[in-house]
Amino acid sequence: GFGGSGLVLNAVNIGGEASGALISADGLVMTAGHVAMNLKDGGMADIELEDGRKFKAAPLGYDLEIDFALFKIMDAPAAGLPHSELAEKAPQPGAYCFVLGHPSGKAVERPAQARLGRILNVQQRDGKPWIGMMDCEIQPGDSGCPVFDLSGKLIGVASSAAGHRRFNRFGMIDQLHANREFLESPGNKRGEFDKGPGGKAGYEHKFTDADIARLQELLQTRLREQHQQTTRFVKQHMTGEAAASIDASDLVNFHYLDGV
């Protein structure tokens, strides 16, 4: 079990080019909606577990606007398959997380790769967390890989790697719960890719007054503590003795390793 908790971490390879995770003993596989979309109609998916076992899986439903899909492994062993536990809801921004997948596709004798990061922002849909931004390193081949919290519970599925690591996006587990009945029905398909985590919607973020107030509070706290990177960043944007001009693009383009 993960960290002595009894929880199981797992990542499966799908077709040699994508990732996913087992979420039930009888072979239910969670992955990204666009992974299922790219499968030929009526086609089966090749699933490879970490222990090398290989299975065929039938596609069930997918929704591109939350970027979730489910597959069902055929002829799952009676003894059951190792699977991960789903979190009830996704964590808030600032929480640590990690991905477990197969960057650049499945490599011979290389296990699934874990990469640590933090949740940086969360978009809502229908009152529930929808698209998360994280700075875990993900690459092509990681599409559909599980995102875990530090307790080892599944909190989402990797959707898209951006040009800047701070903008890597994942679909949040709340949307799987809310749409699970639809996703478990074979042949169900809906949504437009561009309106989901993998498309333009993943870059559209609206900051509330509360978000801005929280950012200002954190910035002031770090300045009082004379946080080195924050102080240097603010000094670079000084417009006078006691004033600085910082806009959203300044924060976005500031290198993630400097940790403002």
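For the numbers below, each heavy atom of this structure counts, side chains included, while hydrogens, waters and symmetry mates do not.
The only member of I23, L22, L183 that meets side chain to side chain contact (heavy atoms under 4.5 Å, CB included) when paired with M30 is I23.
Between V147 and V157 the shortest side-chain heavy-atom distance does not fall below 4.5 Å. Residues M37 and L64 form a side-chain contact, since some pair of their non-hydrogen atoms from C-beta on lies under 4.5 Å apart. M74 is listed as a side-chain neighbour of M44, based on a closest heavy-atom distance under 4.5 Å. In this structure the side chain of L116 reaches within 4.5 angstrom of the side chain of L150, judged on heavy atoms. Between V29 and I73, the closest side-chain pair of non-hydrogen atoms falls below 4.5 Å. Between L81 and D26 there is no side-chain heavy-atom pair separated by less than 4.5 Å. For the pair F55/L49, a side-chain contact is recorded, criterion being any heavy-atom separation below 4.5 Å from C-beta on. At least one side-chain heavy atom of R125 sits under 4.5 Å from a side-chain heavy atom of I66.
C145 and V99 get closest at one heavy-atom pair: SG-CB, 3.9 Å. A pairwise comparison of heavy atoms in L154 and A21 identifies CD1-CB, 4.3 Å as the closest pair. Smallest separation of non-hydrogen atoms from E137 and N168: CA-ND2, 4.2 Å. For the pair P129 and Q175, the tightest heavy-atom approach, listed with the atom from each and the gap, is O-NE2, 3.2 Å. Looking at every heavy atom in both residues, F71 comes nearest to A45 through CE2-CB, 3.7 Å. Here the closest heavy-atom approach between residue F68 and residue G171 is recorded as CZ-O, 3.5 Å.
Panel note: side chain N13, backbone I47; no donor-acceptor pair is recorded below 3.5 Å. Distance alone, capped at 3.5 Å, is enough to place a donor-acceptor pair between the S19 side chain and the H102 backbone. In this structure a side-chain-to-backbone donor-acceptor pair under 3.5 Å is missing from S185 to G61. Between the side chain of Q113 and the main chain of P111, a donor-acceptor pair closer than 3.5 Å is present.
Listed by first and then second residue, the salt bridge (Lys or Arg N to Asp or Glu O under 4.0 Å) pairs involving residues 51-62 are D46-K56, D51-R53 (not counting sequence neighbours). Pairs engaging residues 173-186 under the salt bridge (Lys or Arg N to Asp or Glu O under 4.0 Å) rule: R180-E184 [sequence neighbours left out]. For residues 138-148, the set of pairs meeting the side chain to side chain donor-acceptor pair (under 3.5 Å) definition, not counting sequence neighbours, comprises H34-S143, S104-Q139, R115-D142.
Partners of A178 under the side chain to side chain contact (heavy atoms under 4.5 Å, CB included) rule, at least two apart in sequence or in another chain, are K128. With sequence neighbours excluded, the residues that form a side chain to side chain contact (heavy atoms under 4.5 Å, CB included) with A25 are H83. Considering only residues two or more places apart in sequence or on other chains, F148 meets the ring pair (Phe, Tyr, Trp, His ring centres under 6.0 Å) condition with F98. Under the side-chain hydrogen bond (donor to acceptor under 3.5 Å, both in side chains) criterion, E48 pairs with no residue at all, not counting sequence neighbours. N10 pairs by the side-chain hydrogen bond (donor to acceptor under 3.5 Å, both in side chains) definition with S84, not counting sequence neighbours. In this structure E85 satisfies the salt bridge (Lys or Arg N to Asp or Glu O under 4.0 Å) test together with K153, sequence neighbours excluded. For the side chain to side chain contact (heavy atoms under 4.5 Å, CB included) test, residues two or more places apart in sequence or in another chain that qualify with P186 are L60. Residues satisfying the salt bridge (Lys or Arg N to Asp or Glu O under 4.0 Å) test with E192, not counting sequence neighbours, are K195.
Between the CD1 atom of I119 and the CE atom of M134 there is a distance of 9.0 Å, given to the nearest 0.5 Å. For the atom pair L176 CG and F182 CZ, the distance stands at 12.5 Å (nearest 0.5 Å).
Within 6.0 Å of atom CD in E50, more than 12 heavy atoms from other residues, nucleotides or ligands are found, so the atom counts as buried in its surroundings.
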Taking distance alone, no hydrogens or angles, what donor-acceptor pairs closer than 3.5 Å link side-chain atoms of residues 89-97 to residues at least two apart or in another chain?
none

Audit row: W130, Q124, side-chain contact (heavy atoms from CB on, under 4.5 Å) steps and yes/no: CA-CA 5 Å; W130 171 36; Q124 302 276 326; 5.8 Å; no
side-chain contact (heavy atoms from CB on, under 4.5 Å) assessment of I131 paired with V122: CA-CA 6 Å; I131 301 173; V122 173; over 6 Å; no
Test log, rule side-chain contact (heavy atoms from CB on, under 4.5 Å), inputs R190 and N179: CA-CA 11 Å; R190 68 183 176 196; N179 296 277; 2.7 Å; yes
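S160 and R169 are linked by a side-chain donor-acceptor pair at a separation below 3.5 angstrom, with hydrogens and angles left out of the test.
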